[in-house]
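When reading the values below, keep in mind they use all heavy atoms of this one structure, side chains included, and skip hydrogens, waters and symmetry mates. Each residue takes its place number in the sequence, starting with 1.
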Amino acid sequence: MKFIKPKTSNIIFLVIIALLIIPQTRQPIQIALHSILSKFGPSVIDEENQRTVTYASWKLRDLDGNEMNYNDTKDKVVFINLWATWCPPCIAEFQGIQDLYNDYKDEVTFIMVSDETPETIQNFLSRKGYDIPVFNPLTNYPEDFEARSIPRTYIIDKQGHIVVDTKGAANWNSDKVRLQLDELIRGS
């Protein structure tokens, strides 16, 4: 009987499959993969294809119980991210959003929206050391921001145009995004 030596590539493939099946290793691997994929920055929508926000009366509540109406963001640059604590691509891009928030929080309105309980969100933020404001929706999402998958991120200019609409993880702390925000803040 002849013994067949397995190829190294087959062994590596089986190890990867096993790691993805084991619940304790699946999420860290997915987060790492999405971190690599998110190195690509989001694209700006061509001006002729930009939609204008309708400023529906979208009510939100932060983790401290303070209510906010999306209408209050008129004439401001707004960064909206729809996410969840259990979502690997959301987790992968979160540090970049936090870094962006640290530098632009006085000039850009950041609205991180999750349907999870405030306790779940606060535990996640505390565990990771994040302090970006997170909101729960109190009313239905406006048509402008309905997402079939998360993460979904929008950047809106002062005139209410959606200049960035990105599905999936992205590098939000890139030079490209920072230049775009600087232009939007200046109003050009």
Open item on the list: Which heavy atom of F110 sits nearest to which heavy atom of F135, and what is that distance?
Closed with: O-CE1, 4.0 Å
Task: Residues which pass salt bridge (charged side-chain N to carboxylate O under 4.0 Å, His left out) with E67, listed by chain and number, not counting sequence neighbours - done: R61
TODO: Find the distance between CG (L100) and CD (Q95) and round it off to the nearest 0.5 Å.
DONE: 11.5 Å
Task: Exam field: side chain S126 to backbone Q122, donor-acceptor pair closer than 3.5 Å - done: yes
- [ ] Quick one: pull up CG in N171 and NZ in K176 and give me the separation to the nearest 0.5 Å.
- [x] 10.5 Å
Open item on the list: Can you confirm whether I156 sits close enough to T109 that some side-chain heavy atom of one is under 4.5 Å from a side-chain heavy atom of the other?
Closed with: no
Open item on the list: Using 30° and 60° as the class boundaries, would you call the ring planes of W172 and F79 parallel, tilted or perpendicular?
Closed with: perpendicular
- [ ] Tell me yes or no: between the side chains of E119 and N123, is some donor less than 3.5 Å from an acceptor?
- [x] no
Open item on the list: Around atom NZ of K167, are there more than 12 heavy atoms from other residues, nucleotides or ligands closer than 6.0 Å?
Closed with: no
Task: Heavy-atom pair of closest approach, residues D115 and N136 - done: C-ND2, 4.1 Å
Open item on the list: Could you check whether any side-chain N or O of N66 sits under 3.5 Å from a backbone N or O of D62, counting only pairs where one atom can act as donor and the other as acceptor?
Closed with: no
Task: Heavy-atom closest contact (S57 atom, N71 atom, distance) - done: CA-ND2, 3.7 Å
Open item on the list: For I111 and N81: C-alpha separation, side-chain torsions, deciding distance, then whether side-chain contact (heavy atoms from CB on, under 4.5 Å) applies.
Closed with: CA-CA 6 Å; I111 303 175; N81 180 271; over 6 Å; no
Task: Nearest non-hydrogen partners of C87 and I150, listed with the distance - done: SG-O, 3.8 Å
Task: Partner residues of D131 under the salt bridge (charged side-chain N to carboxylate O under 4.0 Å, His left out) criterion, sequence neighbours left out - done: none
TODO: Decide yes or no for Y70 and K59: does some side-chain heavy atom of the first lie under 4.5 Å from some side-chain heavy atom of the second?
DONE: no
Task: Exceeds 12 heavy-atom contacts within 6.0 angstrom, atom CG of N140 - done: no
- [ ] Find out whether M68 and T73 are in side-chain contact, i.e. whether some heavy atom of one side chain is under 4.5 Å from a heavy atom of the other.
- [x] yes
TODO: May I have the step-by-step check of side-chain contact (heavy atoms from CB on, under 4.5 Å) for D182 and E107, ending in yes or no?
DONE: CA-CA 9 Å; D182 291 340; E107 301 164 295; 5.8 Å; no
Open item on the list: Assess the residue pair M112 and I97 against the criterion (side-chain contact (heavy atoms from CB on, under 4.5 Å)); give the C-alpha distance rounded to whole Å, side-chain angles, the decisive distance to 0.1 Å, and a yes or no.
Closed with: CA-CA 10 Å; M112 304 291 290; I97 296 171; 3.8 Å; yes
Task: Side chains of L60 and L138 in contact at under 4.5 Å (non-hydrogen atoms) - done: no
TODO: Could you point out which residue of T166, D144, I80 forms a side-chain contact (heavy atoms from CB on, under 4.5 Å) with Y154?
DONE: I80
Task: 4.5 Å side-chain heavy-atom contact, V78 and I155 - done: no
Open item on the list: So, applying ring pair (Phe, Tyr, Trp, His ring centres under 6.0 Å) with Y130, which one of W83, Y101, F94 is it?
Closed with: F94
Open item on the list: Is the shortest side-chain heavy-atom distance between V108 and I185 below 4.5 Å?
Closed with: yes
- [ ] For the residue pair V113 and P137, establish whether any side-chain heavy-atom pair is separated by less than 4.5 Å.
- [x] yes
Open item on the list: I need the minimum non-hydrogen distance between D99 and R178, along with the two atoms involved.
Closed with: O-NH2, 3.7 Å
TODO: Mind running side-chain contact (heavy atoms from CB on, under 4.5 Å) on L82 and Y141 for me, showing each step along the way?
DONE: CA-CA 10 Å; L82 310 178; Y141 289 79; 3.8 Å; yes
Open item on the list: Could you report the tightest heavy-atom contact between E93 and P151, atom names first, then the distance?
Closed with: OE2-CB, 3.0 Å
Open item on the list: I need the I132 CD1 to L125 CG distance, nearest 0.5 Å.
Closed with: 9.0 Å
